[in-house]
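In what follows, a structure is listed as structure tokens, so that the remarks can point back to it.
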There are 2 protein chains.
Amino acid sequence: MAKQQSKLPEFAPLARDEISPALANSPCAACTVRQQSVCASLDDNELERLAAISRAMYVAAGSTIFNEGDPADYLFNVTDGVIKLYKLLADGREQVTGFLFPGDFIGLALKDSYSYSAEAISAVRLCKMKRSQFRDVLAVTPRLEHRLLSVASNELAQAQDQMLLLGRKTAREKIVSFFLQLAERRDKSRQAQINAGAELESSKFDEDVVELPMGRADIADYLGLTTETVSRTLTQLKTDGSIQLLDNHQVRLGGRESLREIAQGL
Amino acid sequence: MAKQQSKLPEFAPLARDEISPALANSPCAACTVRQQSVCASLDDNELERLAAISRAMYVAAGSTIFNEGDPADYLFNVTDGVIKLYKLLADGREQVTGFLFPGDFIGLALKDSYSYSAEAISAVRLCKMKRSQFRDVLAVTPRLEHRLLSVASNELAQAQDQMLLLGRKTAREKIVSFFLQLAERRDKSRQAQINAGAELESSKFDEDVVELPMGRADIADYLGLTTETVSRTLTQLKTDGSIQLLDNHQVRLGGRESLREIAQGL
DNA sequence: CGCAAATTTGACCTGTTTCAATTGAGGTGG
DNA sequence: CCACCTCAATTGAAACAGGTCAAATTTGCG
């Protein structure tokens, strides 16, 4: 799956259940992540307005979507793939401020220019909107604004957790926290799909296996560590049985409760 | 000034210039920071609605306003004094997620319970609102929601800067960044007051003197350092002429441009 | 003036980084 | 299908920034 994406991005076409006629040909009609994104709150009418200003966009793994400082003319919705947002210091030190997954929105924290860079980690499909047009839609769609506020509110709380992690946690605590973050994010996303009525193929997932789409360097830059420390800490966690590494991009967590205790410094 | 506050909170009564009759007796009428707060965007009518659900609240220096995990029944606007927001790890490690000054709003990043604790650093005056009532006002005041989104957006960008600081900057860079942050915040706040037509007493401020209302421990917990490192770094910066310490709570910055370079790792 | 709390300084220690190999995995071309 | 090549991940050894523990100053109040 991840293999295919890096060479032949084959995104699921996805079932279009009950969609209003007006939307039948809009890019939103087949949107896999509508229920999880900022669009979730909108009715067909409103969605149509958004659809009118949206265009699909495909980005290959590893390429840059925009750079910090570029004029922020577009907003994005991630519909497939994984993205990293990051900031750089003059000498090249990098801080990843977040990983984005399908359903995530890019463009909350911006002024006239992007305040971070965005790069595709896997092949990515985006829903792209002109900022000026989005603003117009926003002005006549209070529900959308409400929804954005709630999204921003969540991101803010997450950002604060990340500050605690970066400022006060040990390497071990950081890594474990990160895995739990990924696991919870995935659980929530699955739940949202189920709520939206999707039949998940293999109804029996392994709850405790987490995908790591990004490399060690990106993990390090997200956690304020070096790749070496990430790697060493992983083998250490593996040794004491807290996790298993199925391969470089899949971990099996050993007991979420006990991991949660590690993450909180207990 | 800081001295008086900690024992005898004497908050400025503040000139009420042109205020609509409806507001004459509202707590907002005399609000020192109306122009800088979320209220800035509201017309008299809307402000009146907010005023109706607001109550002034006074908190002594050092006391707790609420704790992480408490049911988040109230939102606040800081009208005087300085507050720190912080999170704790199980073993007592503390991360300060932000310092709040007059005009700042508390309550953007919350769910049903507060996701951080809040403590008064100096004597503080707050504008307190029941969350449920605020939500009602919000529902009929789109301009307020718009304003909140813009505030949240700014905070998000700031939070990302802080991640870069915590994850990738050296002690020296962290301290200098912090001073610049404080200086810029103060400049902005002064500018807002001037724009609002206030005559600032001493029209000639020393642009390069920055107040540090908080102690070394709080600075350390904000920057992901220890008090000792903060102290050592300060003397180091003092030694090489980058700053002067007038007293424990006042620094004079030596050349903002060169400090900005230090902060960015140049 | 005197005391408790905050800050600074000193000496030492440790987790993480740095620099340098080594091992391993994925993709390519013969 | 296998050998090869490259890039990612891991491991090792040495160095260091910042942390810890402890003591000396300084500050700010009562």
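Protein chains get the first letters and strands the later ones, always in sequence-line order, with residue 1 at the start of each.
- Residues passing the side chain to side chain donor-acceptor pair (under 3.5 Å) test with B:Ser189 are B:Gln36, sequence neighbours excluded.
- Partners of A:Glu184 by side chain to side chain donor-acceptor pair (under 3.5 Å), not counting sequence neighbours, listed by chain and number: A:Arg260.
- The distance from atom CG of B:Leu246 to atom P of D:dG28 is 12 Å, rounded to the nearest whole Å.
- A heavy-atom distance below 4.0 Å to DNA chain D is reached by none of the residues of residues 82-91 of chain A.
- Annotation: ring pair (Phe, Tyr, Trp, His ring centres under 6.0 Å) contacts of A:Tyr222 (sequence neighbours excluded): A:Phe99, A:Phe178.
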Detail all sub-3.5 Å separations between protein N/O atoms and N/O atoms belonging to nucleotides 7-11 of chain C.
from	atom 1	to	atom 2	distance (Å)
C:dT7	OP1	B:Arg216	N	3.3
C:dT7	OP2	B:Arg216	N	3.2
C:dT8	OP1	B:Arg216	NH2	3.2
C:dT8	OP2	B:Arg216	NE	2.7
C:dT8	OP2	B:Ser231	OG	2.9
C:dT8	O5'	B:Ser231	OG	2.9
C:dT9	OP2	B:Thr235	OG1	3.4
C:dG10	N7	B:Arg232	NH1	2.9
C:dG10	O6	B:Arg232	NH2	3.3
C:dA11	N6	B:Arg232	NH2	3.4

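- With hydrogens and angles disregarded, a donor-acceptor distance shorter than 3.5 Å links the side chain of A:Arg168 to the backbone of B:Glu94.
- Near DNA chain C, meaning a heavy atom under 4.0 Å from it, residues 161-169 of chain B has no residue at all.
- Distance CD (A:Gln236) to P (D:dT10): 13 Å, rounded to an integer number of Å.
- Residues passing the ring pair (Phe, Tyr, Trp, His ring centres under 6.0 Å) test with B:Phe66 are B:Phe76, B:Tyr114, sequence neighbours excluded.
- Taking every heavy atom of residues 92-101 of chain A and every atom of DNA chain C, no pair lies under 4.0 Å.
- Scored by the ring pair (Phe, Tyr, Trp, His ring centres under 6.0 Å) test, B:Phe101 finds no partners at all (sequence neighbours excluded).
- No side-chain donor-acceptor contact under 3.5 Å links B:Ser117 and B:Lys87.
- One atom, CG of A:Leu223, and another, P of C:dG15, lie 19 Å apart when rounded to the nearest Å.
- For the pair A:Asp247 CG and D:dC7 C1', the interatomic distance rounds to 16 Å; values are reported in whole Å.
- In this entry the distance linking CG of B:Leu212 with C1' of D:dG28 reads 16 Å, nearest Å.
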Please list, for nucleotides 1-3 of chain C, all pairs of protein and nucleotide N/O atoms separated by less than 3.5 Å.
none

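- Remark: P of C:dA5 and CG of B:Asp218 are 16 Å apart, rounded to the nearest angstrom.
- Among the heavy atoms of the strands, none lies under 4.0 Å from B:Gly62.
- Separating the CZ atom of A:Arg172 from the P atom of C:dT16 is a distance of 11 Å, rounded to the nearest angstrom.
- An end-to-end axis angle of 40° holds for the helix from C:dC1-D:dG30 to C:dG30-D:dC1, taken from five base pairs per end and rounded to 10°.
- Atom-to-atom, CG of A:Leu237 to C1' of D:dA9 comes out at 16 Å; the value is rounded to the nearest Å.
- The salt bridge (charged side-chain N to carboxylate O under 4.0 Å, His left out) analysis of residues 230-248 of chain A, with sequence neighbours excluded, yields the pairs A:Arg172-A:Asp240.
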key: Worked verdict on B:Tyr58 versus B:Val124 for side chain to side chain contact (heavy atoms under 4.5 Å, CB included)   = CA-CA 6 Å; B:Tyr58 298 82; B:Val124 160; over 6 Å; no
